[in-house]
Amino acid sequence: MNTTPSSAQPQTGTGAAPRAPGPTDFIRDMVAADRRAGRHAKIVTRFPPEPNGYLHIGHAKSICLNFGIAREQQGQCNLRMDDTNPTKEEAEYVESIVADVRWLIAGWADAILGLKPKGQTPAEQTVKERRDFFQAPARVGAGTDPSTEPFYASDYFAQLYEYALELVRHGRAYVCDLTPADTDAYRGAPDRPGKPSPWRDRSVAENLDLFERMKAGEFPNGARTLRAKIDMASPNIWMRDPVLYRIRHADHHHTGNQWRIYPMYDFAHCLSDYLEGITHSICTLEFEVHRPLYDWILEALHLPRPLPHQFEFARLNLGYTVMSKRKLLQLVQEGRVNGWDDPRMPTLSGLRRRGVTPAAIRHFCTGIGVTKYDGLTDVALFEHSIREDLNRHALRRLAVLRPLKVVLTNYPADLVEQLDAVNNPEDPSAGTRKVPFSRELYIEQDDFLENPPPKFFRLRPGGEVRLKYAYIVMCNEVVKDETGHVIELRCTADLGSKTGGPTAQRKVKGTVHWVSVPHALEAEVRLYDRLFTVPEPDAAGDFKQHLNPHSIEVVTAQLEPALREVRPDLRYQFERLGYFCLDVPDPVANPAEAAAPRPRQAFNRTIALRDTWAKAAPTPP
RNA sequence: UGUCCGAUGGUGUAAUGGUAGCACAGAGGUCUUUGGAGCCUUUAGUCUAGGUUCGAAUCCUAGUCGGACAGCCA
């Protein structure tokens, strides 16, 4: 912060109103205005994913917005499954969504997470002498209490049916016998008005009878629909008698075989918001044209409690990845990646397995702000948030990804020194550890060049380099195999240059990481790169053409022995290389892999360190 | 040639009629037993044209460009 001491003093006069702390954006402004106007006793938002896929970084933006607002307003944010289409939704997705949301908001917004008592459906009540339904939350912040569960739109099917009946009785909805193709044809086009369905003026009695029989399962899929009676000539296509209910002879993951008709999104969503007492229903831009319908349905019902209002913001587009659940599903199903939790995926489970922390994701989502401009966010912004968090918390360790053997010819063969190494220079409280040092070491192949370019601050024949935490060494001899590949370096150490030694203060240009050969721990390390080769893979054509063939590289690395006690919940920086974490497959997305025994440890590279040398120098393939 | 929405450095954003600021990225420097981190400096922007106003990124009009919408998906 660049707050000067003087400006940090309390304001004396009653000048301009102080800025609200925390993020501001046009939605928060509106919430604050509603609050000031006394329109709501409590702000209630919701995060309403459809359980037809795994949550991704785009959902994280929505989660941070909805939970963030509720948190700032001491309100509540309901987690709700928007599950009105039984043919696309599965219980596995519900499970993953709940786990992902909990993971992302843990320690940040769990206190305002709205869940409901397990199995509960809306209660009937009387408000202003009118029949009303309300779905109360469980104690907010009930956390992992097993007697709670998310809200489900499908828990409102009975009430939704009642509301539909109400619309029919008031002549605001009718049963339509048009085939799907004819419904399309009658709807017209954006620049051409639609024409009324021939079934538009059925009697209330007939509509009631038909709708009842639709519910009873008397008609096949697609035979009839319930439609709102609005305006077939409306310039807004969603107001041209939109379908409210369709027939689906399909079992539902949450309601089983109870229903043969299922409500459409537009009908279910606004009413679900109402039933839960949502004050601000925040969604993405593509629903903007639906807002008149959202309002129409609620108003047509003359509901006794305050109505929710919809606000739209731009969804996240992130460079070098795809965000549509359909496309991500395709990658999973076609085996282009190894499941929803593949560390290359932008899914929350993928990012988690990759080692990205919830705090980094939240920092990123807060940083990009909330607007109605549909842009493309540079991944560098995300990478910055990831590095910033990891730099503060990761434990430093020495690891060599591509080993090159070094023999210190003047170092005793039977000597092993335990050297002190700091665990985290950003956090002294992380302490120190001992690292064994011996005559034979591994260094990184990249850290030696026989004929280096200028400004190569690493090892070269006749050159000197500092071994981190240890001695300055000089390369005396390069050993090659018969094909000319460098297989070993023979060096001498300046034995006085260790910390505390007489020549410890000598300046050498480069510092290099290393691992003692006899103490080295072998492990598999996966190096990830962006999944796609272009910033907008789905801009045109088949997005899969742009898949990066080098998005993963697996190496056998040599690690310092302290890594034997690696913890799955901690993050590590392999010095000079990047941030890594133990690979932990997601138990929901990847149950088989999660249960399988590991012959040896596997690490995932979350992200490489910023590397100004790599930018200046030609990078190896 | 429908309706709705949007446009501020390369990217993401702030400025709510009154000095166009921040972060990322880029460049340069400093420091460093991580070519990391930190610290310092720096390049770069209001889509166009009119209008209102003492004063416009902001308000108005027109245009340009971009996006969303024609599922019995959400």
Side-chain angles (χ1 to χ4, degrees), chain A residues 2 24-26 29 48-50 52 82-85 87-89 176 178-180 183-184 187-194 221-227 234-240 242-248 262 264-266 268-269 283-292 312 314 319 325-326 364 367-385 387-388 391-392 396 398 421-422 425-426 455-458 466-470 472 497-499 504-505 507-513 573-578 608-617:
Chain A
N2 49 10
T24 55
D25 53 66
F26 74 100
D29 287 348
E50 183 189 13
N52 67 341
D82 205 2
D83 55 350
T84 56
N85 185 353
T87 61
K88 288 192 175 176
E89 297 151 7
C176 178
L178 249 26
T179 64
T183 307
D184 278 356
R187 186 163 30 234
D191 56 349
R192 180 164 38 86
N221 288 346
R224 291 183 224 266
T225 57
L226 183 76
R227 293 229 255 163
S234 170
N236 183 338
I237 283 177
W238 292 102
M239 298 299 269
R240 321 239 266 225
V243 171
L244 265 24
Y245 268 91
R246 76 288 218 184
I247 297 168
R248 278 263 206 285
Y262 291 92
M264 297 288 290
Y265 163 85
D266 288 294
H269 203 91
C283 61
T284 45
L285 248 28
E286 67 268 29
F287 294 103
E288 210 161 15
V289 280
H290 293 241
R291 186 165 9 117
E312 310 87 12
K325 279 195 270 188
R326 205 196 89 243
F364 168 68
I368 55 175
V370 180
T371 65
K372 299 186 78 160
Y373 176 70
D374 184 31
L376 178 67
T377 299
D378 192 335
V379 272
L381 261 33
F382 188 33
E383 293 175 343
H384 168 74
S385 293
R387 288 197 183 97
E388 189 186 60
N391 176 49
R392 275 203 295 269
R396 312 297 134 123
L398 298 178
V422 300
E426 309 291 325
K455 294 193 176 171
F456 181 80
F457 302 152
R458 309 179 189 180
R466 160 77 69 179
L467 295 177
K468 178 87 182 179
Y469 303 123
I472 294 170
S497 61
K498 195 174 66 170
T499 305
Q505 301 311 313
K507 299 289 178 200
V508 288
K509 276 196 221 86
T511 301
V512 144
H513 59 277
Q573 183 196 104
F574 293 175
E575 294 217 36
R576 301 209 308 131
L577 297 172
L609 248 31
R610 260 182 98 233
D611 185 354
T612 49
W613 167 251
K615 262 179 280 192

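All values derive from a computational prediction rather than experimental measurement.
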For [X] and [N], give me the distance from atom [atom1] to atom [atom2], rounded to whole Å.
X      : N     : atom1 : atom2 : value
A:Q505 : B:U32 : CD    : C1'   : 13 Å
A:Y262 : B:G71 : OH    : C1'   : 18 Å
A:D374 : B:U8  : CG    : P     : 12 Å
A:K509 : B:G35 : NZ    : P     : 14 Å
A:E312 : B:A68 : CD    : P     : 15 Å

| said: Check A:R291 with A:E312, please: is the shortest side-chain N to carboxylate O separation under 4.0 Å? | reply: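 Salt bridge flag = yes for A:R291 with A:E312.
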If you check every side-chain atom of [X], which of [options] has the closest atom?
X      : options             : result
A:F287 : B:G71, B:G35, B:A74 : B:A74
A:D191 : B:G2, B:A25, B:C72  : B:G2
A:N391 : B:A74, B:U11, B:G36 : B:G36
A:P190 : B:G2, B:G26, B:C72  : B:G2
A:T183 : B:G12, B:A70, B:C72 : B:C72
A:E426 : B:A37, B:U3, B:G35  : B:A37
A:F457 : B:G35, B:C72, B:G12 : B:G35

| query | NA contact type, A:L376, heavy-atom cut-off 4.0 Å: base, sugar-phosphate, or nothing? | reply |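 Sugar-phosphate only.
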Would you say [N] has OP1 or OP2 under 4.0 Å from some side-chain N or O of [X]?
X      : N     : answer
A:R576 : B:G35 : yes
A:T612 : B:G36 : yes
A:R240 : B:C69 : no
A:T377 : B:G12 : no
A:R392 : B:A37 : no
A:K507 : B:U33 : yes
A:R396 : B:U33 : no
A:R610 : B:G26 : yes
A:R187 : B:C72 : yes

With distance as the sole criterion, do the side chain of [X] and the base of [N] form a donor-acceptor contact below 3.5 Å?
X      : N     : value
A:T499 : B:U33 : yes
A:R387 : B:G36 : no
A:H290 : B:A74 : yes

| field | A:Y469 or A:I368, whichever maps to the more 5' nucleotide of RNA chain B | value |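 Nearer the 5' end of the strand: A:I368.
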| Any-strand Watson-Crick or G-U partner of B:G6, both distances under 3.5 Å |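 In the structure as shown, B:G6 has B:C65 as its Watson-Crick or wobble partner.
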